[in-house]
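Only one structure is covered here, and it is reproduced in the block below.
Per chain, numbering begins at 1; letters A, B, ... match sequence-line order.
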Amino acid sequence: MIIVARKYWLLKTEPGCFSIDHLASEPNGIAGWDGVRNYQARNMLRDDIQAGDGVLFYHSSVQPAGIAGICEVVRDGYPDETARDPEGEHFDPRATAENPIWYQVDVQFKSKLPRLLTLPELRDVPGLENMMLLQRGSRLSVQPVRPDEWKIIQRLIRKL
DNA sequence: GCCAACGTTGGC
DNA sequence: GCCAACGTTGGC
């Protein structure tokens, strides 16, 4: 018997580089989440994130930063080919076909929030105190989100 | 632009 | 394997 436990994640991106609008305008709203060059994040992309998982799409390095939309993982981790493109900005000369080093998933657009659910707002929400995003010095670009945190955030979104 | 936090690199 | 130096992230 296969038990599929749906999991939840937060994926960070700088909207100047790739925003929720970019994702929405892709064919079928599907894009590869590539270019991640951090081992902790890589491990989650490769091993933990699965098709069907829910994703909070987070805009970082903007004022204010915040959750911009919701998307869903539609493909499990697979080698990130941008690591092997010498012309690309995510090139890593160590990556080979046998040892790709870096991994990505594919995500599909679900919804764009009517407005950003901002970081300062999230900090004030009871129940989110332990959310990884809100911890000091937290800068992982791929973060697990607990089911209760996901639920609270879905409720906030409905009231936006 | 500043700077705290954290990751990576490389000499030893 | 330690750790100092350096690079990057990202909120402010």
Side-chain angles (χ1 to χ4, degrees), chain A residues 7-26 31-49 53-73 77-107 109-146 148-150 152-157 159-160:
Chain A
K7 298 185 297 290
Y8 305 101
W9 308 91
L10 180 143
L11 296 179
K12 279 188 200 173
T13 171
E14 298 189 19
C17 176
F18 189 80
S19 70
I20 191 74
D21 291 325
H22 286 117
L23 180 61
S25 66
E26 293 285 330
W33 201 271
D34 56 28
V36 173
R37 296 294 178 266
N38 168 283
Y39 286 105
Q40 253 182 291
R42 187 280 309 268
N43 292 346
M44 289 188 273
L45 290 171
R46 187 188 57 191
D47 305 330
D48 302 323
I49 304 186
D53 288 353
V55 172
L56 303 173
F57 193 109
Y58 182 84
H59 284 180
S60 68
S61 294
V62 283
Q63 185 57 254
I67 297 168
I70 301 295
C71 58
E72 184 179 318
V73 179
Y78 65 100
D80 178 352
E81 294 297 330
T82 65
R84 297 177 58 215
D85 172 13
E87 306 303 313
E89 76 183 290
H90 299 297
F91 179 60
D92 183 341
R94 301 169 302 163
T96 63
E98 297 72 33
N99 180 22
I101 304 182
W102 304 111
Y103 285 76
Q104 65 174 89
V105 296
D106 288 350
V107 297
F109 175 82
K110 286 291 160 191
S111 63
K112 178 184 177 178
L113 307 198
R115 63 172 181 82
L116 268 196
L117 183 50
T118 70
L119 189 58
E121 282 179 276
L122 292 169
R123 290 195 190 286
D124 284 339
V125 179
L128 296 185
E129 297 86 356
N130 295 321
M131 201 176 169
M132 186 181 289
L133 179 73
L134 305 182
Q135 303 311 303
R136 227 175 125 67
S138 161
R139 48 175 220 183
L140 251 194
S141 65
V142 176
Q143 303 183 356
V145 173
R146 298 210 318 259
D148 56 307
E149 295 164 346
W150 175 269
I152 290 170
I153 289 168
Q154 295 306 316
R155 213 152 39 220
L156 292 173
I157 288 172
K159 290 182 194 154
L160 282 182

Measure from [atom1] on [X] to [atom2] on [N] and round the result to the nearest Å.
X	N	atom1	atom2	value
A/I67	C/dG11	CD1	P	12 Å
A/E14	C/dG10	CD	P	7 Å
A/H59	C/dG11	NE2	P	12 Å
A/L140	B/dG7	CG	P	7 Å
A/D92	B/dT9	CG	P	9 Å

* To do: Check DNA chain C against residues 78-90 of chain A and give the residues with a non-hydrogen atom under 4.0 Å, in numerical order.
  =>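 DNA chain C contact set from residues 78-90 of chain A: none.
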* To do: Please list residues of residues 112-125 of chain A whose heavy atoms come under 4.0 Å from any atom in DNA chain C, ordered by number; otherwise none.
  =>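 Result for residues 112-125 of chain A: A/L119, A/R123, sorted by number.
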* To do: State, to 0.1 Å, how close A/E81 and A/Q104 come at their nearest heavy-atom pair, and which atoms those are.
  =>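 In this case the closest contact between A/E81 and A/Q104 is N-OE1, 4.1 Å.
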* In a check of side-chain hydrogen bond (donor to acceptor under 3.5 Å, both in side chains) between A/D80 and each of A/R42, A/R37, A/H90, which one passes? ->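 The single option meeting the side-chain hydrogen bond (donor to acceptor under 3.5 Å, both in side chains) with A/D80 is A/R37.
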* Asked: In dot-bracket form, how is DNA chain C paired, counting a Watson-Crick or G-U wobble pair only if both its distances are under 3.5 Å and using | for bases paired to another strand?
  -> ||||||||||||
* To do: Kindly check if the number of other-residue, nucleotide or ligand heavy atoms within 6.0 Å of CD (A/E89) is above 12?
  =>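 Check fails, neighbour count at 12 or below.
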Below 4.0 Å: OP1/OP2 of [N] and any side-chain N or O of [X]:
X	N	result
A/Q40	B/dG7	yes
A/K12	C/dG10	yes
A/Y58	C/dG11	yes

* Asked: A/F57 and A/L113: side chain to side chain contact (heavy atoms under 4.5 Å, CB included), yes or no, with the steps?
  -> CA-CA 10 Å; A/F57 193 109; A/L113 307 198; over 6 Å; no
* Asked: For the side chain of A/Y39, counting heavy atoms from C-beta on, which of C/dC12, C/dT8, B/dT8 is nearest?
  ->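 Closest nucleotide among those given: B/dT8.
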I'd like to know if the side chain of [X] and the backbone of [Y] have a donor-acceptor N/O pair within less than 3.5 Å.
X	Y	answer
A/S138	A/M132	yes
A/E72	A/K110	no
A/D53	A/K7	yes
A/E129	A/G127	yes

* Roughly how far apart are A/N38 CG and A/Q40 CD, rounded to 0.5 Å? ->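 It is 6.0 Å, given to the nearest 0.5 Å.
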* **Nearest-0.5 Å distance, CG of residue A/L23 to OG1 of residue A/T13** =>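 Answer for the CG-OG1 pair, A/L23 versus A/T13, is 10.0 Å.
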* Asked: Heavy-atom distance under 4.5 Å between the side chains of A/I49 and A/V142, does that happen here?
  ->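 A/I49 reaches A/V142 side chain to side chain.
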